[in-house]
**Student:** 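One structure follows; several queries about it will come next.
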Amino acid sequence: MRWYDRERRDLPWRRTRDPYAIWVSEVMLQQTRVETVEPYYRRFLERYPDVSSLATASVEEVLAVWSGLGYYRRARQLHKAAAQIQLGGDFPKTMEELQKLPGIGPYTAAAISSIAFDVPVAVLDGNVERVISRQQTLDGPLRSAAGKRALLAAAQTWIDPKRPGDSNQALMELGATLCSPRAPRCPSCPVASTCGALARGQVERFPQRDGRKAPVRMRLAAVVVKRRRRVLLFRRSEESDLLAGLWEPPVVSLDADEEMSADLRRRYGGRWHLDESYGAFRHAVTNKLLEVDVRGGRVRFTGTIADRTEAGWFLPEEIDELPTSGLVSKALRSRG
DNA sequence: CAATCGTGGAG
DNA sequence: TCTCCAAGATT
């Protein structure tokens, strides 16, 4: 705690104890770095300063403000939960109440509960997992339920009942700034003298890495079509597993040839041209549309335009108000 | 339990 | 350029 009081970063969500603000920050911080979250947090709270303003906004607008932050389900759930909170009256305080809200799991519930309401419950996030597993030399299967329980129990012993929120944040701060996954700064660590992994000279071996599946690589080309300052965008279907409901320019897979059956490739080849009306590519000869369905990394051909999503032409300043992915919002904003 | 959801920075 | 993975939740 002495180390934290001395070294803690001055972050916007550490300047408030408003449960709503803490909640927003915690959801944004899920799997997302502090530096990335900061500007989004400021913008979000400016636009939606309280539960009521968020609850009455449209999902579309909330998604637009969220554009570029990723994991868009979080924005939908935040919006949905705001409505639930407003109906319930008081802001939920306990782990149990908080976890009933969409988008709030064990970590976020403990974080809000301890930081905003002084409830002495430990959080278990990636940082705490790493710090504890190193300090206690817990090399077991961290992914298992039993492993999580052991870590949580250990984390709980670090909680200062007088300052639950700060002790949680201290552990996370340690993991984020010194006890990093790679190249940890052990010489500066306040608990170095008690660290089991350091004593063994095996800090970077903790926690045990889990075998990760190789990602599917896709080469995609986004085509920016401009006509009198306006840019062509189309809207992904709400049912899409990926970037559902978000706007984007026409996108085609550069690996389409590999996905095409040998037969189709022989007969139709790659003579596609952009169909501006539908934001897809139409084959020069067959008049078929090339629809890019990113689900499963597969490209499909469709013969109809019936299931095309909405399309439109937008001015650069209008794009800010649309729900888009980071690729679109950042690229189009910076390059017009 | 394991897969899935976006994006960006560090090493 | 490439790998790893971050203040996780959900199914």
Side-chain angles (χ1 to χ4, degrees), chain A residues 4 8-9 11-14 21-41 63 66-78 80-81 98-116 122-131 141-148 151-152 155 165-177 179-185 204 207-218 220 236 240-246 248 294-297 323-331:
Chain A
Y4 179 69
R8 59 184 258 174
R9 290 169 291 178
L11 304 172
W13 46 89
R14 286 183 177 162
I22 303 290
W23 170 44
V24 171
S25 76
E26 288 302 339
V27 171
M28 286 188 169
L29 285 163
Q30 289 168 5
Q31 297 289 284
T32 310
R33 293 174 188 279
V34 164
E35 313 81 67
T36 308
V37 166
E38 275 189 309
Y40 282 92
Y41 173 83
L63 280 169
W66 200 271
S67 288
L69 197 52
Y71 285 139
Y72 297 94
R73 183 169 61 178
R74 294 182 299 177
R76 299 174 188 281
Q77 291 171 326
L78 203 62
K80 191 172 178 182
L98 285 163
Q99 287 189 79
K100 284 180 186 165
L101 296 170
I104 299 187
Y107 164 79
T108 309
I112 297 172
S113 187
S114 65
I115 296 172
V123 300
L124 189 58
D125 74 328
N127 289 309
V128 177
E129 279 184 19
R130 189 169 54 256
V131 171
L142 300 186
R143 299 179 62 79
S144 73
K148 296 273 188 197
L151 283 171
L152 193 56
D166 283 342
S167 33
N168 272 327
Q169 293 194 75
L171 277 182
M172 293 192 281
E173 188 82 346
L174 190 58
T177 62
C179 198
S180 45
R182 281 174 297 178
R185 302 157 178 76
E204 288 199 67
Q208 233 174 26
R209 315 205 166 183
D210 47 343
R212 182 168 293 227
K213 236 181 72 179
V216 175
R217 304 279 180 188
M218 291 183 288
L220 303 176
R236 300 179 60 83
S240 172
D241 289 338
L242 196 65
L243 304 175
L246 303 190
E248 63 185 7
V294 186
R295 184 184 324 198
T324 62
S325 74
L327 183 71
V328 176
S329 57
K330 292 189 176 72

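Please read all numbers here as calculations on a predicted model, not as lab measurements. FYI, side chains are in, hydrogens and waters are out, and symmetry mates aren't considered; it's all heavy atoms of this structure. Lettering of chains follows the sequences in order, A, B, ..., and the numbering in each one begins at 1.
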**Student:** What integer number of Å spans the C1' atoms of C:dC5 and B:dT4?
**Tutor:**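 Roughly 15 Å separates the two C1' atoms.
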**Student:** Taking side chain to side chain donor-acceptor pair (under 3.5 Å) as the definition, give me every residue that meets it alongside A:Arg9, ordered by chain and number, with sequence neighbours left out.
**Tutor:** A:Glu173
**Student:** Which pair of non-hydrogen atoms, one from A:Tyr40 and one from A:Met28, has the smallest distance, and what is that distance?
**Tutor:**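 Shortest heavy-atom separation between A:Tyr40 and A:Met28 comes out as O-CE, 3.6 Å.
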**Student:** Do A:Tyr71 side-chain and B:dG6 base share a donor-acceptor contact under 3.5 Å?
**Tutor:**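 Such a pair exists between side chain and base.
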**Student:** Using the test ring-ring contact (aromatic ring centres under 6.0 Å, His included), find all partners of A:Tyr71 that sit at least two apart in sequence or belong to another chain.
**Tutor:** none
**Student:** Of the options A:Val34, A:Val123, A:Val131, which is the one that meets A:Met172 in a side chain to side chain contact (heavy atoms under 4.5 Å, CB included)?
**Tutor:** A:Val123
**Student:** Quick one: which of C:dC5, C:dT10, B:dG6 gets closest to the side chain of A:Leu243?
**Tutor:**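 The listed nucleotide nearest to A:Leu243's side chain is B:dG6.
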**Student:** When rounded to the nearest Å, what value does the distance between P atoms of B:dA3 and C:dA7 take?
**Tutor:**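 Per the computed distance, 23 Å lies between those P atoms.
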**Student:** Can you tell me how far the CG atom of A:Leu243 sits from the OG atom of A:Ser67, to the nearest 0.5 Å?
**Tutor:**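 Between A:Leu243 CG and A:Ser67 OG, I get 10.0 Å after rounding to 0.5 Å.
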**Student:** With a 4.0 Å heavy-atom cut-off, tell me which residues in residues 25-32 of chain A come close to DNA chain C, sorted by residue number.
**Tutor:** A:Glu26, A:Leu29, A:Gln30, A:Gln31
**Student:** What is the distance from CD1 of A:Ile112 to P of C:dG8, rounded to the nearest Å?
**Tutor:**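 Taking CD1 of A:Ile112 and P of C:dG8, I get 13 Å after rounding.
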**Student:** Between B:dG6 and C:dT11, how far apart are the P atoms? Round to whole Å, please.
**Tutor:**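 One P to the other, the span is 14 Å.
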**Student:** For A:Arg14 and A:Ile104, find the nucleotide of DNA chain C closest to each by heavy atoms; which residue's nucleotide sits nearer the 5' end?
**Tutor:**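 In this pair, the answer is A:Arg14.
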